[in-house]
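Scroll down for the structure; my scribbles are underneath it.
Computed from heavy atoms alone, side chains included, the values below leave out hydrogens, waters and symmetry copies. Everything quoted here is computed from the prediction, not taken from an experiment.
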Amino acid sequence: MEIEIRTVIQPKPEGAVVSAPEPAAQLAKIETENLCVYYGRVKALDDISIHIPDRRVIALIGPSGCGKSTFLRSLNRMNDLIDSARVSGRVLLDGQDIYAPRVDVHDLRKRVGMVFQRANPFPMSIFDNVAYGPRIHGERHRNRLEEIVERSLTQAALWDEVKDSLKRSAFNLSGGQQQRLCIARCLAVGPEVLLMDEPCSALDPNATYRIEELMNELKEQYCIVIVTHNMQQAARVSSLTGFFLKGELIEFGDTSRLFTSPSDQRTEDYIRGRFG
Amino acid sequence: MSSLANEELSGTNTKALRTHGRGELGDAIFRSLTMAFAGISVLLIVWIGLQMYHSSALSWARFGIHFLASTAWNAPQHDYGALTFIYGTIVSSALALLIAVPIGIGAAIFLAEIAPGWISAPFSFLIELLAAVPSVIFGLWGFMVLCPWLNGPVADWIIAHFGSIPIFAGPAYLTNMLAAGVVLGLMVLPFVTAVSRDVIRAVPRSQGEAAYGLGATRWETIHSVVLRYGRSGIVGAIILGLGRAVGETMAVAMVVGNNTNISTSLFAPGYTMPSLLANQFNEAFDRPLQRSALLEIALILFIITLVVNILARLLLWMVSRNMNETGLSAGYHVSRFQRISSLADDLVRQACLPLLACGYVFWLFLGFQRSGINSLTNPIIWIVPVIAGWIGWQNLLRSTRLWGRWRRIKNILTLAICAFLTFVSVAVLLIIFGYVVIQGAHAITPTFFTQAQKSPDDPTGGVLNGILGTVVLVIIASVIGLPIGILGGIYLAEYGRGRIKAFVRFAADVLNGIPSVVIGTFVYAIMVLPMKRFSALSGGVALAIMLIPTVMRTTEELLKLVPDSLREGSLGLGASQSRTVIRVVLPAARAGIITGIMLAIARIAGETAPLLFTAFGNDVASTKLLHPISSMTMLIYHYSMSPYNIWITQAWGSALVLLLMVFLVSLAARLVTRNQIRMV
Amino acid sequence: MITRMIKRQWITGAICAISSAIVMLTGGAVRSQAQTITGAGSTFAFPAIAKWTPIYKHLHGININYQPIGSGAGISQYKAGTVDFGATDAPLSNSEMKRMPGPTLHIPIVAGAEVLSYNLPGVGAGLRLTGPIIADIFLGKIKSWNDPRIRKLNPYMKLPNLSIQVMHRSDASGTTFIFTHYLSAVSPAWARQVGAGKSVSWPVGQGGPGNPGVTNLIRHAPGGIGYIELAYALQNHLPYGPIENRSGNFVLPTTANNQAALSTGVARMEKDIRSLVVNAPGINSYPIVGYSYALIAEYPKNKVKARETVNFLRWAVSEGQHYAAELKYVPMAPAVVHLALENLNKVKD
Ligand SMILES: Nc1ncnc2c1ncn2[C@@H]1O[C@H](COP(=O)(O)OP(=O)(O)OP(=O)(O)O)[C@@H](O)[C@H]1O
Ligand SMILES: [Mg+2]
C-alpha cells in the first residue's frame, strides 16, 4: 500500500502545483460553517468549515473512524435517522441552511443523493429500482418513467448491459453492476450533489475503473463528494481533497498539491502511510 | 457461563481419560438414545396420521369425496358432511387474519422501526404476553364480554348501515361467526406481530438507507422497501398464524354458535371443525359412522396442518437464504420468489379492482332491489366514490408542488396509525387482563384454594380439584415429555445430520402445529379405550405429546447458541462426545433451556380441548394416576358455560390464577434469557 | 465449588420433587382414601345429582364424580366402559341396546319437566305458547317476538320487536330427545322436516353445551329462547310460561301438573321402562316431562365399583327423591321407584 502511494505521488513534478481554487470567485455549492456532530456525548465532527464548489469531484480521506462518513451524512441529513446524533453549526446548500426548521428533508435528499459503500439494490426489478425515486416523488407516467430510467442507466454506463433485462431482479447483477445501478437510481431523481461513501471498496479493479470513469463524466453536471481509503483513487478522480483526522478537517485543498506538498505534518504522515 | 463450563471441564478431565474405553460404547448408546427419542416425534406424526386414516375409513367408504361437499350433519339420518365446518373454519380463520394481519404488521412496524427502545421493549413483551393467554380464557372473555358487546351496540350500528351487504345482514345472534373471528384474530395477533417484527428487524439497514437517501419518507421506506424485502418472511408468519387459527378449539367453541347451517351473515352462528370435535367426540363412540366422520374431520385438520407447515417452512427457508446472502450476490431463490410474487401482484392489480367494481355495482343493484339502500345518506353508497376520489386526489396532487407536503402528511398519518394499532393490541391485553383481575378477585375466598367443587349454590366451594389436577397433569406430562424433548433436541443440535435431521425437525414442527383437539382424539383411541377409563395418565400423555416438540426445538435452538469452542475444548481434552454434551454443552445452555421448558409447560397448562377426552374432569380433588382428573382449564370451560353465578365467578377466579401463573413464568423467562427465545 | 453446591441442590430438589410426585400420583392420598364412582351424561339430572353427591359423601363416605357431558356422551362413555354409570334422559333404543357390550339396565333416577325459558327485556313470566308455535319458532318460521301468532296468544303482554334467538344443545342430549319427541307429536311439519332424536339437524339457532350452556345462552341473549329442565330456570330466575297441553289447556309445570302427566305413563313403563310420556293426555298434564335414567351393566366387570354404584342409585331413587324435590324435580311415583329398585336388584354383583 505504502509503496503504491509513493509511486503515484512521486512522479508529479514539484512545480506543477495547481493553486487552490479562489474561494471568492467561485460560489460554493455546499458550504459548512462550524459544523459539529455529536453521537450522544461523543463529538464525531469538530468545527468543520469548508467550501465545496460545484461541478467538481471532491475526495475526503482520513483514517478509519475519523468522521468522513459522518460528515457526508450530515450533508443530506442522513444523520437524522440516528437517534443519538446531534448537529450544531450550519450547512448551506446554494446558500440555504439545510438544517433550518422549514426545510423538507425529503426534498433535500432528492437534491443531495447518496451512494453507499456496499451496493444496496432494492429487491425489485432493475427498472423498478431506478424508477423508485421518481415514483415516490410523484411521477407516475409510464412513458416519462421509461425515459428517466433509460437516461439514468445510460448516464451510469449500465444501459447497454441491462437494456434487455430490465424486468429481471436487480440481485442478478454483478457487484459492480449493482453499484452502477445504485448510482443510476440516485441520478434518476435528478440530484444536484452526489455523495459517495467508499463506492468502490467492495469492487474489483475493473469495476472500480468503470465507476471512476463514470465520475469523470458525471462531474460535468454534478457536484460529487466521495469518501475513499484509496489514495490512488482520490488522486485520480478528484480535483480537491480534504483530509480528516479525529473529527477535524486538517487540510483541504487542491488534490495534486495536497498529495505532493501537504501543508500539515499530520497530512504528510498519513499520505506517506506513517499511521492510520 | 463459560467459566462455569470450564470448571466442569477440569473436573471431568481425569474421569474422561479413565473411562476412555467405555467412553465409545457410552457414546454410541447415548447417540442412539437421542436418536430414538428424536424419532418419537416422527413416529407420533405417522401414528397419528395412520390412526386418523384408519378410523375415518368407514365414513370415507360411505360418503367418499362427497363428504367434503356435503352440508349435512344429521345424526338421526346418519348423513354426515364436512362442508359446513370447513366453511366455518375458513371464514373464521379468514376473519382472524383480516384482523390480525393489519394490526400485527402495523404494530410490528411501530415496534421495529419507529418506537424508541424504552417503548418498544415493554410493548413487545406485553404483546407477547397476549400469546401466552390460554385459549379458554379468551373463550371466557369472548363469551362474557365480547359477545354481548358485538351482539349489542356493534351489531346494531353495522346492521343499520351495512345491513344490505349479505355478510352483515341481520339479525345478530349472541354467539356468531364474527365473535369467533375476532377472538381468533386476537389469538393470532401476537404471533403475527412477533414474527413480523423479527423479520423487519432482520432487513439490512442498507435497504432503508438507500430509500431514505433517495428522499423517501419513513412510511415510503417501510412500505415499499422494508416490507417488500421481508415479504416472504411475513407471509410465512401469516401462514403459521393461519395454522393456529384453523386448529383453535375451545375459544371458538365457546363463541361461534355451534349451529350446523351455513349462513352468509357474520352475525349468524356457525361451526368450525375443531369445535365440532370438542363438542361431539365424547358422544360419538356408540355411533360408529358419526365417530368415523368426526375423525375424518380430524384427518382434514391434520392434513391442513401438514400443508400449512410445509408452505410456511418453505417461505421462511427462502427468507433465511435471502438474508444470509445479503445484497451483493443473493441467490436465485429470491428472484424466483420475486417472480412468483410479482405475478401475484399483477393478478391482484388486474383482477381484484375490476372484480371489486363488479361486486360493488352488483351489490348496489341488489341493494336497490331490496330497497335496503334507498337514500343517499347511507354511508355505504359513498364507499366506492370516496375511494375513487382518494385516488383522483392523489393523482391531482402528484403533479403539483403540494405533493411533498402531502407525502409528509401521509407519512405522519400512517405512522400514527401504526402507533395506534400497537396501542390497540396492548389495550386488548390490558382489557382482558383487567376483566380477569376485577372479576376474578371476587372469587378469591379462603375456600377457593382449599375446597373442591361443590354444588352450584354452595358458595363455600373451591377449585382445589382443578388446581391439583393441573399440577398432576403437568407433572405427568413433564415426566414423560421432558426427557424425550430434551434428548430429541440434543439429537437435532449435536448429532443430527442432513436429510434425517431436517426430517425430524420438520416432524417436530408439524407435531407442534397439530391442533390439540386432534391429539385428544388420538390419545382417546390409544389409551382411554384400551384402558377402559379416563385417567390423569392419558391426560398427561396428551399434554406430553404437545410438550415434546416445543421442548425439542427450544433445546435445539439453545444448544446451537453454545459456542463451538466449548465443545472443542472438551473434546480436545479427550472427553467423549456424550460426556461433552452432558457435562459441558448442556450446563452452558442450562438457564435458557430451563426457561424454555417453563414456557412450554405454561403453555400446556393452559390446554383444554385434549383433556376433555382424556382426563375427563373430576368433581373430587383427586391425584390418582388412573382416575379421571380435573384441571383449571376444564373447570373454566364448564363453569363459564354454566348459568350459576358462583361458578362463573370461580371461572374468572381460576382464570386469574392461571393467567398469573402463565404471566409470571413468561416474565421470569424474559428476565432470565433476555430475548434468547421467543415466547410465541 | 459453588457449582458443585448448586448441583447438589439441584439433585436433591429433583429427588424431592419426583418422590413427592410419585407419592401423589400413586394415590398416596393428599385427600382421604375414599372410593370414587365415576358417572357421566345427562345434564337434565345434573342439578339433582350435584345436590346428592355431597350429601351421599357425608352419609356414606363415597365420592361420586359426575360429569354433566350430555346424555349422548353418557351413553357413549357407558358403552366404551370408561364410566361406572351413564346417565341419559333418552332411553336406549332397541338397536342401541343390542350394540351395548352386555345387557344394560335402565334405572329411572329423577323425573322432571322441560320449560321454554326466554329472555325478553320488559316481559315477565307467563308467556303462553302452543306446541305448533314452539315448533315454528324452532323451525325458524316465526322470527320475531311480536309475531302476530304470539301476540294473539298473549294479548296483555308488551312483546318487543326483537328477533328471536333460538338456543339449542351442541351435544347429543336426552333433553333434546324429549323436546324433539314433543315437537314431533304436536307439529307434523317438525316431524317431517327435523324429526326426533338426541341430536337433530337444527334449522336455526345457537348451540350451547348441556342444559347449563343453553341456560347461559338464554341469560345473555336478549330475545333468546330455549328448552331447559325446570330446575335450571328456577335456579337462575329465568321466566317461562304455560304451554298448551293435549286437552287445550295452558298449564304450568307445577309439581301437580307434572305428576299428572307422568302418572299417565306408569302403566306403559311397567311393560317397558323406556316409555316416553310427552304430550300426555289429561286436563292438567304438563306436556314436556320425562325421566332421567342411569345406565348400568347387568353383569359388571368391576364388582366392587358396581356394588357401590348400585348402593348409590338405590339411595338416589328412594331417599334422594326428597332432595330432588327441593329443586322442583317431580318425586317419582312409587310404582316407578319399585321398578327402579327391581332393576337394581338384577345387577349381578
Ligand atoms: N451511529 C453512531 N452512534 C455512535 N457513534 C457513531 C455512530 N456512527 C459513527 N459513530 C462514531 O463516530 C465516529 C466517526 O465515524 P464515521 O463513521 O464517520 O467514521 P469514518 O471516517 O467514516 O470511518 P470509516 O473509514 O471506517 O468508514 C467514530 O468514532 C464512530 O465510532
Ligand atoms: Mg465510513
Side-chain angles (χ1 to χ4, degrees), chain B residues 4 7-8 72-77 143-144 147-148 151 170-171 173-176 253 257-261 269 271 279-280 282-287 454-458 468 472 475-476 479 528-529 532-534 536 616-625 627-628 638 640-644, chain C residues 3 18 21 24-27 30-31 36 38 40 47 50-51 53-54 63-67 69-70 72-73 75-77 79-83 96 99 143 163 165 170-172 195-210 212-213 215-217 219-221 224 232 235-236:
Chain B
L4 189 151
E7 196 182 324
E8 296 277 351
W73 192 267
N74 196 329
Q77 286 168 16
F143 183 77
M144 292 291 171
C147 281
N151 179 37
Y173 295 94
L174 177 69
T175 49
N176 54 41
N258 301 323
N259 185 286
T260 55
N261 295 304
Y271 228 141
N279 282 333
Q280 300 201 342
N282 259 340
E283 69 199 31
F285 179 77
D286 66 328
R287 288 185 247 177
K454 291 208 174 148
S455 65
D457 49 356
D458 187 347
L468 271 184
V472 170
I475 290 176
I476 301 172
V479 167
V528 177
L529 277 184
K532 287 215 175 295
R533 54 176 21 170
F534 295 104
F616 197 54
N618 196 333
D619 310 343
V620 184
S622 157
T623 53
K624 293 175 193 154
L625 198 58
H627 281 74
H638 284 138
S640 63
M641 288 285 109
S642 85
Y644 308 115
Chain C
T3 32
I18 291 173
M24 271 167 69
L25 296 177
T26 46
V30 182
R31 317 285 302 164
T36 302
T38 304
K51 185 128 197 151
T53 47
N63 283 319
I64 315 281
N65 170 27
Y66 183 76
Q67 295 299 314
I69 53 177
I75 297 172
S76 231
Q77 297 312 325
K79 183 185 174 191
T82 55
V83 291
E96 277 175 323
R99 275 187 273 133
K143 291 192 163 71
S163 53
Q165 299 203 33
S170 60
D171 50 341
K198 289 191 288 287
S199 56
V200 296
S201 190
W202 296 100
V204 292
Q206 303 162 61
T215 311
N216 206 15
L217 281 173
R219 245 164 52 117
H220 282 92
Y232 289 92
Q235 280 175 332
N236 296 289

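- For B:Tyr173, there are no side chain to side chain donor-acceptor pair (under 3.5 Å) partners at least two apart in sequence or on another chain.
- If you take CD1 on C:Ile69 and CD on B:Glu283, they are separated by 8.5 Å, rounding to the nearest 0.5 Å.
- With a threshold of 4.5 angstrom between heavy atoms, C:Asp171 approaches chain B through its backbone and through its side chain.
- Looking at C:Gln165, both its backbone and its side chain come within 4.5 Å of chain B, counting heavy atoms on both sides.
- Looking at C:Pro47, only its side chain comes within 4.5 Å of chain B, counting heavy atoms on both sides.
- With a 4.5 Å cut-off on non-hydrogen atoms, B:Pro456 touches chain C through its side chain but not through its backbone.
- The CG atom of B:Leu468 lies 12.5 Å from the NZ atom of B:Lys624; values are rounded to the nearest 0.5 Å.
- There is no contact between B:Ala253 and chain C, counting heavy-atom distances below 4.5 Å.
- In this structure, the portion of B:Tyr271 lying under 4.5 Å from any heavy atom of chain C is its side chain and not its backbone.
- At a 4.5 Å heavy-atom cutoff, the contact between B:Thr260 and chain C is made by side-chain atoms alone.
- Counting heavy-atom pairs under 4.5 Å between each of C:Lys143, C:Arg99, C:Gln77 and chain B puts C:Gln77 at the top.
- Here C:Gln67 is the residue among C:Gln67, C:Lys198, C:Lys79 with the most heavy-atom pairs under 4.5 Å with chain B.
- C:Thr38 touches chain B through its side chain: at least one heavy atom from C-beta onward sits under 4.5 Å away, while N, CA, C and O do not.
- With salt bridges taken as basic N to acidic carboxylate O contacts below 4.0 Å, none links B:Arg287 and C:Glu96.
- For a residue to count as touching a neighbouring chain, one of its non-hydrogen atoms must lie under 4.5 Å from one of that chain's; by this rule C:Leu217 touches chain B with backbone and side chain alike.
- Taking the six-membered ring for Trp and thresholds of 30 and 60 degrees, C:His220 and B:Phe143 have ring planes more than 60 degrees apart, a perpendicular arrangement.
- Chain B forms more heavy-atom pairs under 4.5 Å with one residue of C:Gly197, C:Ala172, C:Gly70, C:Ala40 than with any other, namely C:Ala172.
- Side-chain contact check for B:Asn258 versus B:Asn279: some heavy-atom pair is nearer than 4.5 Å.
- Residues B:His627 and B:Phe616 fail the side-chain proximity criterion, which asks for heavy atoms closer than 4.5 Å.
- Note: B:Ile476 CD1 to B:Leu625 CG = 5.0 Å, rounded to the nearest 0.5 Å.
- Under the 4.5 Å side-chain criterion, counting only non-hydrogen atoms from C-beta, B:Trp73 is not in contact with C:Trp202.
- Across B:Leu529, B:Val620, B:Asn282, the residue that shares the most heavy-atom pairs under 4.5 angstrom with chain C is B:Asn282.
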- Task: Go through the steps for C:Asn65 and C:Thr36 under the test side chain to side chain donor-acceptor pair (under 3.5 Å), then give the verdict.
- Result: CA-CA 7 Å; C:Asn65 170 27; C:Thr36 302; over 6 Å; no
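- Between chain B and the residues C:Ser163, C:Ser199, C:Ala50, C:Gly213, the largest count of heavy-atom pairs under 4.5 Å involves C:Ser199.
- For chain C, the nearby parts of B:Asn618 are the backbone and the side chain; heavy atoms of each come within less than 4.5 Å.
- Each of C:Pro209, C:Gly210, C:Gly224, C:Gly195 has some count of heavy-atom pairs under 4.5 Å with chain B, and the biggest count is that of C:Pro209.
- When heavy atoms are compared at a cutoff of 4.5 Å, C:Val83 approaches chain B solely by way of its side chain, counted from C-beta outward.
- Looking at residues two or more places apart in sequence or on another chain, you find a side chain to side chain donor-acceptor pair (under 3.5 Å) between C:Lys51 and C:Glu326.
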